[in-house]
J.: 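Dumping the structure here so I can ask a few things about it.
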Amino acid sequence: MILPAIAAGVGVAVIVMSANPFIVRAQDAAPEAAQSAPQPAAEPPPPDPAAELAAKRDQTRAELETLSKTISLSTDKVSALQQSIADLEKSTESIRQALIDSAARRKTLEKQILESENKLADLGVKEDGIHRSLHERRGLLAEVLAALQRMGRNPPPALLVTPDDALASVRSAILLGAVVPGIRKETDKLAADLASLAALQTASAAEKASLTATITNGIEEERRMDLLLAENDKLSRSNAAELEAERKRSEELAGKATSLEGLVASMESEIASVRDAAAAARQAEENRKLLTDEQRAQAKALADSGVPDKNRIAPAYPFGELKAKLEVPVTGDILRQFGDADGTGHEAMGMTVATNPETVVTAPADSLVVFAGAFRSYGQMIILDAGDGYHLVLSGMDTINTRQGKFVFSGEPLAVMGAKRVASATALALETNRPTLYIEFRKDGKPVDSRPWWTAKDTGKARNDS
């Protein structure tokens with residue numbers, strides 16, 4: 001190797017990049033320079049890119065959770081939010097529309113945060129790769145830098161001072177003709193690596209600054225939603241004592257039920273608010289069937305516009321017609337799909353999505369809340385009657401912000417995820433500590449694959465948490 005020979009004592013004095021680039025001088029090479037370089041040690045196996053990216057994402061996520069805890073809204077911002085809620089028209093329609101809009105903004109921000117996490121993790125992996133490359137080449141780079149320093153330290157003599165100088169110059173030219181291309185190659189590679197490293201660090205800093213602003217906006221939107229939920233609760237609370245009695249009765253029924261079918265049946269028969277709302281919804285479905293094609297088209301247009309009809313107590317059109325139109329109720333990564341192995345020797349009956357802490361959960365479609373509370377190993381669970389014989393089951397949330405017997409619109413916030421995964425029968429085999437939402441679609445009491453109902457941007461191949 002030529003570069004180790006330089007380090008061993010070639011003693012090149014300079015290459016002067018001045019007015020005359022051909023003025024050079026070198027001392028005779030020492031005999032030891034011809035000795036062969038030691039054999040390099042066996043290289044370690046290359047790192048697994050998937051495992052490396054997964055570890056970097058976990059590290060990035062932990063750093064962002066710590067960052068989010070340090071961000072708080074100013075007193076002026078909180079006052080402005082409170083004033084904006086106070087200025088709203090105090091009607092059920094306006095408050096619920098504001099809730100739907102807030103949930104949409106919050107989900108958009110959560111998606112941006114998730115994308116930023118992935119970008120930062122990817123940038124971090126690339127930075128680590130350059131650092132690792134520089135570390136593995138540190139011996140060679142030290143030789144290159146030492147040679148460059150030695151070549152630039154001694155001023156050159158005039159080329160034709162003495163015959164000895166002329167002979168040395170010729171020898172230098174021969175030696176440098178072999179040495180300089182190798183040095184230049186390694187120098188260019190080092191400069192490129194350092195430039196790439198600086199660019200990655202700049203991009204990471206910019207992404208972190210953008211993410212900090214997004215997290216701040218997310219906290220503001222979360223506060224706005226809390227205020228809206230409080231106002232909505234005031235408007236919808238007809239009889240606190242009656243609601244409390246129904247809640248206790250539903251807990252009692254949930255404790256006795258041994259299956260989802262049994263739970264739904266007991267709710268619809270023994271909880272007055274659910275029974276009455278379900279009967280009204282079925283009547284509305286029957287009335288819808290009597291509509292003309294033009295009237296049905298108008299109802300669909302109204303539903304597609306996203307403007308809730310305060311008088312609507314049933315979905316605007318059959319759930320079966322909503323295929324490829326629903327949005328997944330949370331922002332996150334799909335870990336498991338219907339039919340995948342569930343880790344317990346069975347096939348998954350639903351879809352599992354990993355989310356960030358405190359992610360908002362929204363209603364996938366217009367539906368009646370049949371059950372809202374804790375049920376066996378499912379933890380906190382919501383069952384929605386979407387009509388047309390379909391029930392939607394959501395479980396794994398931390399806080400539920402709706403109640404049974406209530407008709408909810410598509411996109412309306414229903415619950416909030418917790419800080420960590422809730423252990424349940426549907427999620428025990430998942431290798432993640434992130435909060436996970438389990439989603440199950442049921443048609444006439446039997447689980448069905450939910451993938452045909454999600455929009456194209458939300459349907460993706462299930463992948464491991466990474």
J.: Taking atom OG of Ser102 and atom CG of Leu99, what is their separation to the nearest 0.5 Å?
T.: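 Interatomic distance, Ser102 OG to Leu99 CG, rounded to 0.5 Å: 6.5 Å.
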J.: Side-chain contact test, heavy atoms from C-beta onward, threshold under 4.5 Å: evaluate it for Met417 versus Asp398 and give yes or no.
T.: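 A side-chain contact is absent here, since even the closest heavy-atom pair is not under 4.5 Å.
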J.: Step by step, work out the side chain to side chain contact (heavy atoms under 4.5 Å, CB included) result for Glu440 and Leu392.
T.: CA-CA 6 Å; Glu440 182 175 308; Leu392 317 182; over 6 Å; no
J.: With no hydrogens and no angle check, just 3.5 Å: does a side-chain donor-acceptor pair link Glu327 and Thr455?
T.: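 On atom types as modelled, these side chains do not qualify, holding no pair under 3.5 Å.
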J.: Hydrogens and angles aside, do Asp449 and Gln337 bring a side-chain donor and acceptor to less than 3.5 Å of each other?
T.: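 No, Gln337 and Asp449 have no side-chain donor paired with an acceptor closer than 3.5 Å.
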J.: Whether the side chain of Ser367 engages the backbone of Ala365 through a donor-acceptor N/O pair (distance < 3.5 Å, no angle test) should be reported.
T.: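 Confirmed, Ser367 side chain pairs with Ala365 backbone.
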J.: So do Ile382 and Ser395 actually touch side chain to side chain, heavy atoms under 4.5 Å?
T.: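 Not touching, per the 4.5 Å side-chain cut-off.
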J.: Can you tell me how far apart CG (Leu229) and OG1 (Thr402) are? Round to the nearest 0.5 Å.
T.: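 Rounded to the nearest 0.5 Å, the CG-OG1 separation comes out at 9.5 Å.
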J.: Is the Phe441-Phe319 ring centre distance short of 6.0 angstrom?
T.: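 Ring-ring flag for Phe441/Phe319: true, centres closer than 6.0 Å.
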J.: If every non-hydrogen atom of Phe371 is compared with every non-hydrogen atom of Ser250, which pair is closest and at what distance?
T.: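 Taking every non-hydrogen atom into account, CE1-O, 4.2 Å.
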J.: Might you work through the side chain to side chain contact (heavy atoms under 4.5 Å, CB included) test for Arg106 and Thr331, ending with a clear yes or no?
T.: CA-CA 10 Å; Arg106 190 167 167 183; Thr331 299; over 6 Å; no
J.: Is the shortest heavy-atom distance from the side chain of Glu261 to the side chain of Arg442 under 4.5 Å?
T.: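 They are in side-chain contact.
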J.: Distance-only, no hydrogens or angles: does the Tyr438 side chain make a donor-acceptor pair with backbone N or O of Gly396 under 3.5 Å?
T.: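 Absent.
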J.: Side-chain contact test, heavy atoms from C-beta onward, threshold under 4.5 Å: evaluate it for Val361 versus Val416 and give yes or no.
T.: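 When only atoms from C-beta onward are counted, Val416 and Val361 do not touch, as no gap falls below 4.5 Å.
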J.: Before you tell me yes or no, could you show the steps for Phe409 and Arg96 under side chain to side chain contact (heavy atoms under 4.5 Å, CB included), namely the whole-Å CA-CA distance, both residues' side-chain angles and the distance that decides it to 0.1 Å?
T.: CA-CA 9 Å; Phe409 298 106; Arg96 294 182 73 180; 3.3 Å; yes
J.: Which is it for Glu221 and Arg224 under the salt bridge (Lys or Arg N to Asp or Glu O under 4.0 Å) test, yes or no, and what are the steps along the way?
T.: CA-CA 5 Å; Glu221 202 59 55; Arg224 178 182 286 107; 2.8 Å; yes
J.: Using atom types as modelled and distance alone, determine if a side-chain donor or acceptor of Lys443 lies under 3.5 Å from a backbone N or O of Asp388.
T.: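 Answer holds: yes.
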J.: What closest approach, in Å, do Ser133 and Asp193 show between heavy atoms, and which atom pair accounts for it?
T.: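 Looking at all heavy atoms of both residues, the closest pair is OG-OD2, 4.3 Å.
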J.: Using modelled atom types and a 3.5 Å cut-off, is there a donor and acceptor pairing between side-chain atoms of Thr212 and backbone atoms of Lys208?
T.: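 Answer holds: yes.
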J.: Return the minimal non-hydrogen interatomic distance between Asn356 and Thr359, and the atom names on each side.
T.: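 Residues Asn356 and Thr359, closest heavy atoms: O-OG1, 2.7 Å.
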J.: How long is the straight-line distance from CD1 of Ile95 back to CD1 of Ile100, given to the nearest 0.5 Å?
T.: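 Separation between the atoms: 12.0 Å.
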J.: Just do the salt bridge (Lys or Arg N to Asp or Glu O under 4.0 Å) check on Lys406 and Glu412 with the steps written out, would you?
T.: CA-CA 12 Å; Lys406 182 179 180 182; Glu412 189 169 338; 3.6 Å; yes
J.: Check step by step if side chain to side chain contact (heavy atoms under 4.5 Å, CB included) holds for Lys107 and Thr362.
T.: CA-CA 9 Å; Lys107 290 181 75 172; Thr362 59; 3.1 Å; yes
J.: Report the distance from atom CD of Glu117 to atom CD of Glu207, rounding to the nearest 0.5 Å.
T.: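 Separation between the atoms: 10.5 Å.
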J.: With a 4.0 Å cut-off, would you call Lys126 and Asp122 a salt bridge?
T.: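 So Lys126 pairs with Asp122 through a salt bridge.
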J.: Looking at every non-hydrogen atom in both residues, tell me the closest pair between Val360 and Pro413 and how far apart they are.
T.: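 Scanning both residues, the minimum pair turns out to be CG2-CB, 3.9 Å.
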J.: Could you tell me which non-hydrogen atom of Leu211 sits nearest to which non-hydrogen atom of Ser116, and how far apart they are?
T.: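 Smallest interatomic distance, heavy atoms only, reads CD1-CB, 3.6 Å.
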J.: Begin from the C-alpha positions of Gln112 and Asn217 and carry the test side chain to side chain donor-acceptor pair (under 3.5 Å) through to its verdict.
T.: CA-CA 11 Å; Gln112 291 174 358; Asn217 293 335; over 6 Å; no
J.: Do Asn401 and Thr399 come within less than 4.5 Å of each other through their side chains, counting heavy atoms only?
T.: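 Asn401 vs Thr399: side chains touch.
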J.: Side chains of Met381 and Leu260, heavy atoms from C-beta outward: is any pair under 4.5 Å?
T.: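 Result yes, sub-4.5 Å side-chain heavy-atom pair found.
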J.: Are side-chain heavy atoms of Pro447 and Phe338 found at a separation under 4.5 Å?
T.: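 In short, these two side chains touch, coming nearer than 4.5 Å.
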J.: About how many Å separate OG1 of Thr214 and CD of Glu115, when rounded to the nearest 0.5 Å?
T.: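 Rounded to the nearest 0.5 Å, the CD-OG1 separation comes to 10.0 Å.
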J.: How about Val353 and Asp333: do any of their side-chain heavy atoms sit closer than 4.5 Å?
T.: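 Side-chain contact under 4.5 Å: no.
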J.: Roughly how far, to the nearest 0.5 Å, is CG of Leu384 from CG of Asp366?
T.: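 These two atoms lie 10.5 Å from each other.
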J.: Do you know the tightest heavy-atom contact between Pro364 and Ser410?
T.: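 Looking at all heavy atoms of both residues, the shortest contact is O-OG, 3.4 Å.
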